[in-house]
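Structure first, then comments.
Here the structure is a predicted model, which means the values were calculated and not measured.
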Amino acid sequence: MSNTTESWGSRVGLILAMAGNAVGLGNFLRFPVQAVQNGGGTFIIPYLVSFLLMGIPLLWVEWAMGRFGGRYGDHSTPFILDNMTHKRFWKYFGVFGIFTNMGVMAYYTYIESWTLTYTLKSLKGDFLGMDLAGLDSYFNGYVDLGSGINFPVWALLAFLVTLTINIYILSRGLSAGIEKVAKIAMPLLIGFGAFLAIMSWTTGSTGRCADCSTFVGLNFLWEPDFTTLANPKIWLAAAGQIFFTLSVGMGTIHCYSSYLKQKDDIALNAMSAGWMNGFVEIVLGSAVVIPIAVGYLGLDWVVDNAGFMMAFKTMPFLFDQWGSVMAVIAGVAWFGLLFFAGITSSLAMGTPWMGFVQDEFGWSKNRSAMLLGIAILAMGLPTIFFFEKGVFDEYDYWTGTVSLVIFALAEVILFAWVFGMDKGWKEITDGADMKVPRIYRPIIKYVTPLFIGIIFLTSLFKPLNGELSDWSTAFNSLSSGQGWPWANDSIINQIFHINTGVQWVADGHFTNMFYVDMSRFFLLACFFALVAMVKVASNRRKQNASS
Amino acid sequence: MTTSALIMIILTQGTVLGATIYFFRKVLKTPAKPESDSFSENDNDPR
């Protein structure tokens, strides 16, 4: 518990920082790919339904929990949850709200450093005239792919620079650091995105192939196929996208809103930040990567290659088609936009740790930020050195995917059922500058936990291929004694390696599984180190209370 | 673009853009709460 002097400078600054927390690389790279793979224009229907039934409730719950905790001087989830329940379990469960952020920040800062490097390279015109093979080769060289254990000198340096920038801004505090950055980065991000969207919408047919037109790309993204609405896989994909895009289930929203006072609004602030994220994702995010790529490479190429790496391996080539001057401008706009999207999110990921150690151990902002930097460096280096061994993806799976769902499910149950909906509803509506629809009371109590519960259970037990028909096949297989056919990415299979068996050494060398499992143990050790810190903090509180 | 794709894009983007502007405008238009509030920009205002 602290007597912090930290506060937000302005309401607009808070909303921009919250929107910046949510807007990330996924808005431009994950959303359009998910839409393409899940019904095109129809994807938006389950997406918006998920936003209304899961996204908005979670935003309100997290803002309310944060402001509630702030009233008692708590700015991180372990003691926010503790104050809501006074049960020891929840205090330790709240460690997820610090651990997830540190785990994600460790690899996210590495991607952020790529965008910084690519912004500077675009400004220098280094990508001018480079074809797709050249870009592929440049990227692979940059992250030192192909060498087994990766030691990318320049990428490492860029990572250190990016981490230092993050740590410096965090050491400046909320108002002078994070808020100031959000006030510059968010308008620039929207401006860059709008420029690229206008370029995309006005390019039209390029004549490079029969269907090479940005309109074909837009059509591909937005043409509805209503038959897909009956497929639960589409609904799960849409719900998953809402999760990741809003940065719920992480602990960052709790931390940001814990600096608000009881009489200040959270309902309207949450809606404003949430819809701003939606605007960046749906209006700007859908207009850039897929339409421009279809415009110059055709639909078939995009169907075969759509994915995250297009940002680095494809976009500079596409911008090059607009002439050298526009290529430089568009390259800087694109990678600058991604950098701003990245840094506003990674700064948010650093704040739960900052709040926790300042509250509980009385550390200064500089000391807290420095130690965070050291921890993120230690956690991030394995993702760089063992990138090719799958360690980067492993971090993403456990900290950036599974932990979010577990934490969000637990917190909404805690809020609605343990803390109680009467008190919870009062927390959401206190000081509200908008009328919160009463329908959200039963939605938060019943629908949202059910929604997230289904996502969690289907991820836990996902059968091979994961289609609706595969579930009945799996149940038949189980009832006939042939066992459950696990999907490779089901949580159970990931934990126990059921499909492949455990093999750490092959032909005298460590396998990728060895590196992946070691990274898991390392992440577990980090989690328990944080649990130990919470235990020490809890003991200190007891001592202070008795003295 | 097909008509159905055009309808989807206009309806969806119109709704999202409209909601974003509506809520952000409401934030800007709502008068600040009297001191002491959470924000430091008006700390010198009379209470």
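- In this view, Phe24(B) satisfies the ring pair (Phe, Tyr, Trp, His ring centres under 6.0 Å) rule with no residue, not counting sequence neighbours.
- Within residues 11-21 of chain A, the residues having any heavy atom closer than 4.5 Å to a heavy atom of chain B are Arg11(A), Val12(A), Leu14(A), Ile15(A), listed by residue number.
- No side-chain heavy atom of Lys261(A) sits less than 4.5 Å from a side-chain heavy atom of Lys33(B).
- For Ser286(A), the part sitting under 4.5 Å from any heavy atom of chain B is the side chain, from C-beta outward, and nothing else.
- Looking at Ile282(A), the atoms closer than 4.5 Å to chain B (heavy atoms on both sides) sit in the backbone and in the side chain alike.
- The ring-ring contact (aromatic ring centres under 6.0 Å, His included) with His75(A) is formed by just one residue from the set Tyr256(A), Tyr259(A), Phe68(A); it is Tyr259(A).
- Using a 4.5 Å cut-off between heavy atoms, Leu6(B) does not touch chain A at all.
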| query | Please walk me through it: do Leu229(A) and Trp235(A) pass side chain to side chain contact (heavy atoms under 4.5 Å, CB included)? | reply | CA-CA 8 Å; Leu229(A) 276 181; Trp235(A) 286 84; 4.3 Å; yes

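- The candidate with the highest count of non-hydrogen atom pairs below 4.5 Å against chain A, out of Thr30(B), Thr15(B), Leu17(B), Leu28(B), is Thr30(B).
- Contact residues of residues 214-221 of chain A toward chain B are Phe215(A), Leu218(A), Asn219(A) (heavy-atom distance under 4.5 Å).
- For the residue pair Ser175(A) and Glu6(A), no side-chain donor N or O sits within less than 3.5 Å of a side-chain acceptor on the partner.
- Looking at residues two or more places apart in sequence or on another chain, you find a side chain to side chain contact (heavy atoms under 4.5 Å, CB included) between Gln37(A) and Val33(A), Gln34(A).
- Between the side chains of Ser10(A) and Glu179(A), at least one donor N or O lies within less than 3.5 Å of an accepting N or O.
- With a threshold of 4.5 angstrom between heavy atoms, Asp265(A) approaches chain B through its backbone and through its side chain.
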